[in-house]
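The model shown is predicted, which means the values in this text are computed figures rather than measured ones. We number each residue from 1, following the sequence as shown.
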Amino acid sequence: MIIKTNHQFKNHQFYIPKHDLKYLFVGTFNPEFGDKVPYYYGRTSNYFWEVISNIFNISINPFEDNFFNKLEDLKIGCIDIVDSLIYEKEKYHSLINGEGYSDEEIFKKKNNITINYNTQQIINLVKKNSLKKIYITNKGGVFRKEQKLEIKSIKNYCDVINISSPSQYNVRINGGIDKVIKDWKFNLG
């Protein structure tokens with residue numbers, strides 16, 4: 001059976017940022033049937049908001065009541081490159097919507113997963129906010145030709161900077177959170 005899994009935030013007003021942006025962070029995908037989180041990078045196994053708090057010298061946490069006010073004050077927006085996936089339920093549903101998956105499992109392996117992208121929405125955000133650069137929270141090693149073409153089309157409008165993933169796995173294997181913070185500070189300049 002072929003099914004479609006949308007992004008978890010697809011029907012939320014914050015799915016595509018509406019406020020003014022200075023920084024746009026682009027992740028990969030958060031499936032609708034996966035663990036529920038209040039906002040992008042909201043899993044406790046992800047250090048995104050800890051890194052942002054350190055860089056901007058502010059405590060910001062998607063579980064706080066005033067989170068969206070702080071997000072707007074910092075002019076930070078988040079979006080994922082993937083909008084939805086179409087796949088064989090028997091083959092991939094438990095992987096995509098289970099305890100979690102690695103981007104490599106969706107992007108790198110030969111599979112029959114159709115990926116729908118948010119590329120045009122990202123380009124629209126870049127143009128609307130006159131962004132000179134955006135930040136992909138993935139060094140890009142998992143992307144195959146298809147994703148690289150999506151990224152290339154965004155590069156027609158701004159610089160695309162790959163920064164270290166704030167995932168628990170990446171932080172652990174790449175020298176700890178201080179190294180990720182250093183990489184981000186350098187790239188956010």
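Cluster partners of I173 are Y169, counting Ile, Leu, Val, Met, Phe, Trp and Tyr whose side-chain heavy atoms approach within less than 4.5 Å, directly or via other members.
No side-chain donor-acceptor contact under 3.5 Å links H12 to the backbone of F14. Checked by atom type and distance alone, the side chain of D80 never pairs as donor or acceptor with a backbone atom of V82 at under 3.5 Å. For the pair S84 (side chain) and N116 (backbone), a donor-acceptor distance under 3.5 Å is absent.
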Pairs under 3.5 angstrom only: tabulate donor-acceptor contacts from the side chains of residues 66-76 to other protein residues two or more places apart or in another chain.
from, atom 1, to, atom 2, distance (Å)
K70, NZ, S59, O, 2.4
K70, NZ, E64, OE1, 3.4

Under 3.5 Å, side-chain donor or acceptor atoms of residues 182-189 against the rest of the protein: list the pairs with distances, not counting sequence neighbours.
from, atom 1, to, atom 2, distance (Å)
D183, OD1, N187, ND2, 2.9
D183, OD2, S164, N, 2.8
D183, OD2, S164, OG, 2.9
W184, NE1, S164, O, 2.9
N187, ND2, D183, O, 3.0

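Y47 is linked by a ring-ring contact (aromatic ring centres under 6.0 Å, His included) to nothing, counting only residues two or more places apart in sequence or in another chain. Scanning for side-chain contact (heavy atoms from CB on, under 4.5 Å) contacts around N138 gives T28, D103, I136, V142, F143, with sequence neighbours left out. Taking S165 as the reference, S167, N170 meet the side-chain contact (heavy atoms from CB on, under 4.5 Å) condition, with sequence neighbours excluded. For K10, the salt bridge (Lys or Arg N to Asp or Glu O under 4.0 Å) test picks out D83, with sequence neighbours left out. A search for side-chain contact (heavy atoms from CB on, under 4.5 Å) contacts involving K18 returns I16, not counting sequence neighbours. Listed by chain and residue number, nothing satisfies the side chain to side chain donor-acceptor pair (under 3.5 Å) test with Y135 (two or more places apart in sequence, or in another chain). Residues passing the side-chain contact (heavy atoms from CB on, under 4.5 Å) test with S45, sequence neighbours excluded: R43, Q168.
Listed by first then second residue, pairs satisfying salt bridge (charged side-chain N to carboxylate O under 4.0 Å, His left out) with a partner in residues 152-179 number zero, not counting sequence neighbours. Counting only residues at least two apart or in different chains, salt bridge (charged side-chain N to carboxylate O under 4.0 Å, His left out) contacts with residues 119-128 are absent.
The number of heavy-atom neighbours closer than 6.0 Å to NZ of K132, taken from other residues, nucleotides and ligands shown, is 12 or below. When the shell of 6.0 Å around CD of Q13 is examined, it contains 12 or fewer heavy atoms from other residues, nucleotides or ligands.
Contact of the F25 side chain with the F48 side chain is registered, since non-hydrogen atoms from C-beta on lie closer than 4.5 Å.
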